[in-house]
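For the numbers below, each heavy atom of this structure counts, side chains included, while hydrogens, waters and symmetry mates do not. The shown structure was predicted, so the numbers you read here are calculated from the model rather than taken from an experiment.
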Amino acid sequence: MIFVYISLPFLVVAGILLAIAAFQTGPWERLSYYTFAVIVLLAWGGVAFCYCVYLVATRGLSDPIGIGAGVVVLVVVGVAAVWAWNNFQKERACEAAMTFYQNLAAAEPDARAALIAENLSIVRAGTPCAREALFFALGHDRFEPNARTADEESARLATFDLLLQNGLAPDDSLLWKTLNDADARLFEKLTAARLALGDTGQTALGPLPPNLAFSAVSQIELDETSPYYVDTPAFRAMLDTLLDAGMDLCARDEFGKTIAERMVARGLMALDDAPRCG
């Protein structure tokens with residue numbers, strides 16, 4: 001009964017907060033109440049765990065109540081240990097990926113193939129951390145597009161060729177990151193690699209997402225006086241890459257508009273040239 005008395009206030013407060021959240025119309029207000037409810041439940045869990053530890057210490061494992069509390073403590077400790085180990089492993093993998101890609105970017109061009117061959121597991125890892133490390137070291141900075149010399153840029157793209165040849169998957173996350181970086185030359189390379197995989201029957205990555213085209217169209221600025229015009233050539237080139245790759249102009253976005261209609265609205269296509277989509 002003591003456990004019930006301890007738990008009841010926490011559960012009542014959490015239940016009230018969840019009920020209030022259900023009646024909120026604004027997403028942020030709803031999220032706030034859900035957050036408070038989770039905090040209360042976490043506090044209840046902490047108090048309940050401490051009480052179980054107390055029962056184990058006072059009742060011992062010869063008492064049924066002490067045994068039950070011991071099982072709870074053991075489960076919690078086991079889950080916490082597994083969580084800590086998984087996070088430790090994830091951190092190690094992130095550090096290894098960051099170190100590898102930084103070393104790869106700093107290596108001489110003729111030494112990069114050997115370095116990649118020694119780290120294939122990192123190259124083929126599609127984790128967000130590995131992707132972040134890749135673009136941190138070898139990505140294009142749209143706000144400082146001339147940070148690399150022409151030779152350095154050629155070496156960067158050649159390095160991506162090596163990575164793609166050794167199992168780097170041109171998946172959606174890679175394409176989106178490249179598009180958001182306004183990295184037109186790499187985008188063309190990744191798109192070609194994606195299509196080549198499809199030609200060989202490796203279709204696990206699926207077709208190119210139409211939302212890439214919608215995003216490129218929305219970021220094209222035709223007003224040369226706009227500060228956003230600087231990235232327009234890159235986004236136009238990426239849109240052309242998608243269209244050359246067979247992107248369906250009749251693909252629709254979440255508002256029911258086709259790519260062709262979006263292009264007409266942005267002045268990128270004449271109305272007479274737009275296909276008639278069903």
Side-chain angles (χ1 to χ4, degrees), residues 81-142 144-145 147-209 211-212 215-216 234 237-238 241-242 244-247:
V82 171
W83 176 84
W85 175 253
N86 287 339
N87 275 271
F88 172 71
Q89 291 290 85
K90 187 180 296 184
E91 283 296 319
R92 286 186 59 186
C94 286
E95 291 175 6
M98 187 64 72
T99 300
F100 162 64
Y101 282 119
Q102 286 180 334
N103 290 340
L104 184 63
E108 293 296 325
D110 56 359
R112 293 181 179 181
L115 190 57
I116 289 172
E118 295 170 1
N119 294 272
L120 291 179
S121 61
I122 296 176
V123 173
R124 295 169 182 175
T127 62
C129 187
R131 291 288 189 257
E132 190 65 31
L134 169 61
F135 281 95
F136 180 82
L138 290 165
H140 172 76
D141 187 352
R142 66 184 293 183
E144 197 174 353
R148 294 183 177 91
T149 65
D151 289 342
E152 289 172 338
E153 179 64 7
S154 295
R156 180 183 79 96
L157 294 172
T159 302
F160 270 99
D161 280 330
L162 289 173
L163 291 169
L164 289 166
Q165 292 166 14
N166 284 275
L168 178 67
D171 56 20
D172 291 357
S173 67
L174 221 59
L175 288 166
W176 274 111
K177 178 62 177 172
T178 307
L179 184 140
N180 290 331
D181 286 347
D183 193 351
R185 295 180 67 188
L186 180 56
F187 189 84
E188 182 180 10
K189 191 177 294 294
L190 294 176
T191 302
R194 179 76 164 255
L195 294 176
L197 287 177
D199 291 340
T200 58
Q202 302 179 49
T203 57
L205 295 177
L208 293 167
N211 280 343
L212 289 169
S215 180
M238 288 187 281
T241 295
L242 291 170
D244 291 342
M247 181 63 67

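A donor-acceptor distance shorter than 3.5 angstrom exists from the side chain of S154 to the backbone of A150, with no hydrogens or angles considered. Distance alone, capped at 3.5 Å, places no donor-acceptor pair between the R156 side chain and the A105 backbone. Checked by atom type and distance alone, the side chain of R124 pairs as donor or acceptor with a backbone atom of N166 at under 3.5 Å. Under a 3.5 Å cut-off, the side chain of R148 and the backbone N or O of E153 do not form any donor-acceptor pair.
Residue pairs meeting the ring-ring contact (aromatic ring centres under 6.0 Å, His included) criterion with at least one member in residues 81-133, sequence neighbours excluded, are W85-F88.
With respect to L157, the side-chain contact (heavy atoms from CB on, under 4.5 Å) criterion is satisfied by exactly one of E188, H140, R185, E152: R185.
A heavy-atom distance below 4.5 Å is found between the side chains of L138 and L163.
Counting heavy atoms of neighbouring residues, nucleotides and ligands inside a 6.0 Å radius, atom CD of E108 does not exceed 12 of them.
Nearest heavy atom pair, residue A182 against residue A234, reads O-CB, 3.5 Å. Between D171 and R131 the shortest heavy-atom distance is OD2-NH2, 2.7 Å. Residues D181 and R142 share a closest heavy-atom pair of O-CB, 3.2 Å. Here the closest heavy-atom approach between residue A237 and residue A184 is recorded as CB-CB, 4.0 Å. Counting all heavy atoms, side chain and backbone alike, P109 lies closest to A155 at CG-CB, 4.5 Å. Nearest heavy-atom pair across L162 and A113 is CD1-N, 4.1 Å.
A salt bridge links D172 to R194: at least one charged side-chain nitrogen sits closer than 4.0 Å to a carboxylate oxygen.
In this structure, S173 OG and E132 CD are separated by 10.5 Å, a value rounded to the nearest 0.5 Å. The distance from the CD1 atom of I122 to the CG atom of L168 is 12.5 Å, given to the nearest 0.5 Å. Taking CD1 of I116 as the reference point, atom CG of L104 lies at 5.0 Å (rounded to 0.5 Å). Here CG of L190 is found 4.0 Å from CG of L186. Values are rounded to the nearest 0.5 Å. Distance check: D183 CG to K189 NZ gives 10.5 Å after rounding to the nearest 0.5 Å. A distance of 11.0 Å separates CG of N180 from CG of L175, quoted to the nearest 0.5 Å.
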Go through the steps for L134 and V123 under the test side chain to side chain contact (heavy atoms under 4.5 Å, CB included), then give the verdict. CA-CA 9 Å; L134 169 61; V123 173; over 6 Å; no
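Residues T149 and D151 have side chains that never bring a donor and an acceptor to within less than 3.5 angstrom of each other.
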